[in-house]
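First the structure, in the form of structure tokens, and then the observations on it.
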Number of protein chains: 2
Amino acid sequence: MNRRELAIFRKYLERRGLKLTSERQALFDEVFSKHEHVEADELLVRLRTKHKKISRATIYRTLELLVEAGVVGKLRIGEAGYRYERLHAGDHHDHLICDQCGRVIEFFEPRIEALQDEVAVRHGFVLLSHNHQMRGICKRCRPRSKGSGSFGAEAAGPVPVPISSRPRG
Amino acid sequence: MNRRELAIFRKYLERRGLKLTSERQALFDEVFSKHEHVEADELLVRLRTKHKKISRATIYRTLELLVEAGVVGKLRIGEAGYRYERLHAGDHHDHLICDQCGRVIEFFEPRIEALQDEVAVRHGFVLLSHNHQMRGICKRCRPRSKGSGSFGAEAAGPVPVPISSRPRG
DNA sequence: CATGGGATTGCGACTCTGTCTCAATTGAGA
DNA sequence: TCTCAATTGAGACAGAGTCGCAATCCCATG
């Protein structure tokens with residue numbers, strides 16, 4: 001249910017003397033209709049095809065409000081721009097992203113969270129937020145056993161060199 | 001020394017039948033001249049002020065080569081675009097970023113790295129890379145002595161910590 | 001030394017995201 | 001009904017990065 005998050009958004013608006021207009025409501029509904037990581041322009045398209053007259057500027061402005069209200073998360077996934085995801089109260093997670101199919105999987109690992117705090121303290125940082133993405137090939141895209149294996153569409157080279165994972169051992 | 005990385009770059013170019021032109025060498029030198037997290041356009045400015053005639057397109061194209069060769073890292077720090085950092089063989093680290101002054105601090109925590117692998121395995125992922133940023137207020141920017149506590153900010157709170165305003169000497 | 005051709009470059013046009021300005025509109029309360 | 005702030009849509013604008021293309025460079029040959 002989105003009741004709780006809608007209430008939070010309402011309260012947020014009220015507190016700042018803002019209004020819950022039909023455009024804002026429509027965008028809220030759209031974002032909360034599915035759990036996914038969506039781009040601003042796609043929301044525009046979706047609402048437009050539902051006969052909602054809404055402008056790009058309003059989409060961006062409203063998304064910003066939702067983010068500030070804390071009910072929507074703004075992520076950097078993919079090559080350009082942001083993606084948005086609905087958030088539920090008390091929810092926190094990080095992301096695993098498939099380089100092949102783009103699928104986004106959420107994970108939460110309390111031990112990592114704890115170690116982050118430790119690292120921050122070690123450097124005298126007051127931690128406000130973090131962004132933790134891991135990229136690779138998901139279960140579905142991975143060639144099982146010896147299947148097909150035809151990943152490299154790259155004509156020129158044996159590109160797939162893992163860049164930032166350090167050789168551990 | 002950059003000798004090692006230059007050799008890697010050379011080899012990479014050679015392997016693909018590409019040339020180490022004076023523009024590419026100049027950009028390499030510039031990136032490796034200091035350890036920092038620099039934007040493409042700043043490299044352009046720097047090289048131009050050094051009388052190197054070089055175009056924006058070449059900067060971007062060459063940076064891409066450096067990244068593919070594995071000697072330069074491409075990061076998303078800050079609100080827009082990318083930053084680049086030189087990488088040394090076997091080096092891996094993640095970043096702590098100060099929301100106040102923009103300072104970037106590197107950290108490496110082997111226990112987090114290990115847990116990442118664990119998470120990936122749990123989800124059937126083959127991990128290729130990751131991106132882990134923690135944001136907050138650094139030691140220097142933090143109000144000293146009595147913390148005045150006002151960081152926490154919750155529930156529709158006025159979170160707004162200034163995001164930009166970079167140092168730059 | 002001249003030639004040929006792929007690699008490289010610079011330029012400028014272009015795309016993509018997102019922001020901003022501003023006039024018109026809305027809507028809640030006086 | 002009137003007033004005035006909040007809201008909206010349209011389109012101009014901005015920043016970052018990409019692309020196409022003609023000119024140029026480089027280098028191996030002839």
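Proteins get letters first, then strands, A, B, ... in listed order; numbering begins at 1 in each.
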Checklist entry - Are Thr58(B) and dG10(C) close enough that a side-chain N or O sits under 4.0 Å from OP1 or OP2? => result yes
To the nearest angstrom, the CD-P distance between Glu42(A) and dG18(C) comes to 13 Å
Arg76(B) atom CZ is separated from dG15(D) atom P, nearest whole Å, by 18 Å
Here the distance between atom P of dA16(D) and atom CG of Leu43(B), to the nearest Å, is 13 Å
When rounded to whole Å, the CG to P distance for the pair Leu18(B) and dC26(D) reads 15 Å
Using the benzene-type ring in the case of Trp, are the ring centres of His88(B) and His35(B) under 6.0 Å apart?
no
> Reckon Arg24(A) has a side-chain N or O less than 4.0 Å from the OP1 or OP2 of dA6(D)?
Replying inline: no
Discussion item. Can you see if the side chain of Thr21(B) gets near the phosphate of dC25(D) - specifically, an N or O under 4.0 Å from OP1 or OP2?
Written reply: no
Exactly one candidate in Gln133(B), Glu85(B), Arg135(B) meets side-chain hydrogen bond (donor to acceptor under 3.5 Å, both in side chains) with His95(B); the answer is Glu85(B)
In whole angstroms, the gap separating P of dG6(C) from CD of Glu14(B) amounts to 20 Å
Residues passing the side-chain contact (heavy atoms from CB on, under 4.5 Å) test with Ala57(A), sequence neighbours excluded, are Ser55(A), Arg61(A)
Residues at least two apart in sequence or cross-chain that pass side-chain contact (heavy atoms from CB on, under 4.5 Å) with Arg76(A), listed by chain then number, are Tyr82(A), Arg76(B)
**Message:** Distance criterion of 3.5 Å, no angle test: do you see the side chain of Arg56(A) paired donor-to-acceptor with the base of dG9(D)?
**Reply:** no
Across all chains, not counting sequence neighbours, the side-chain hydrogen bond (donor to acceptor under 3.5 Å, both in side chains) partners of Asp41(A) are none
Rounded to whole Å, the CG-C1' distance (Leu44(A) to dT17(C)) equals 13 Å
Of Arg48(B) and Asp41(A), the one whose closest nucleotide on DNA chain C sits nearer the 5' end is Arg48(B)
Here the distance between atom C1' of dG9(D) and atom CD of Glu23(A), to the nearest Å, is 10 Å
In whole angstroms, the gap separating C1' of dG10(C) from NZ of Lys53(B) amounts to 6 Å
Q. When all nucleic acid strands are considered with a 4.0 Å heavy-atom cut-off, which category describes Ala57(B): base, sugar-phosphate, or nothing?
A. base
What residues 59-66 of chain B contributes to the DNA chain D interface at heavy-atom separation below 4.0 Å is Tyr60(B), Arg61(B)
Sorted by chain and residue number, the side-chain hydrogen bond (donor to acceptor under 3.5 Å, both in side chains) partners of Asp29(A) (sequence neighbours excluded) come out as Gln25(A)
For residues 43-50 of chain A, which side-chain N or O atoms pair as donor and acceptor with protein atoms under 3.5 Å away, sequence neighbours left out?
{"from": "Arg46(A)", "atom 1": "NE", "to": "Glu42(A)", "atom 2": "OE2", "distance (Å)": "3.3"}
{"from": "Arg46(A)", "atom 1": "NH1", "to": "Glu30(A)", "atom 2": "OE2", "distance (Å)": "2.9"}
{"from": "Arg46(A)", "atom 1": "NH1", "to": "Glu36(A)", "atom 2": "OE2", "distance (Å)": "3.2"}
{"from": "Arg46(A)", "atom 1": "NH2", "to": "Glu36(A)", "atom 2": "OE2", "distance (Å)": "2.4"}
{"from": "Arg46(A)", "atom 1": "NH2", "to": "Glu42(A)", "atom 2": "OE2", "distance (Å)": "3.3"}
{"from": "Arg48(A)", "atom 1": "NE", "to": "Ile54(A)", "atom 2": "O", "distance (Å)": "2.9"}
{"from": "Arg48(A)", "atom 1": "NH2", "to": "Ile54(A)", "atom 2": "O", "distance (Å)": "2.6"}
{"from": "Thr49(A)", "atom 1": "OG1", "to": "Val45(A)", "atom 2": "O", "distance (Å)": "3.4"}
{"from": "Thr49(A)", "atom 1": "OG1", "to": "Arg46(A)", "atom 2": "O", "distance (Å)": "2.8"}
{"from": "Lys50(A)", "atom 1": "NZ", "to": "Glu30(A)", "atom 2": "OE1", "distance (Å)": "2.8"}

Between Lys19(B) and Lys74(B), the residue closer to the 5' end of DNA chain D by nearest nucleotide is Lys74(B)
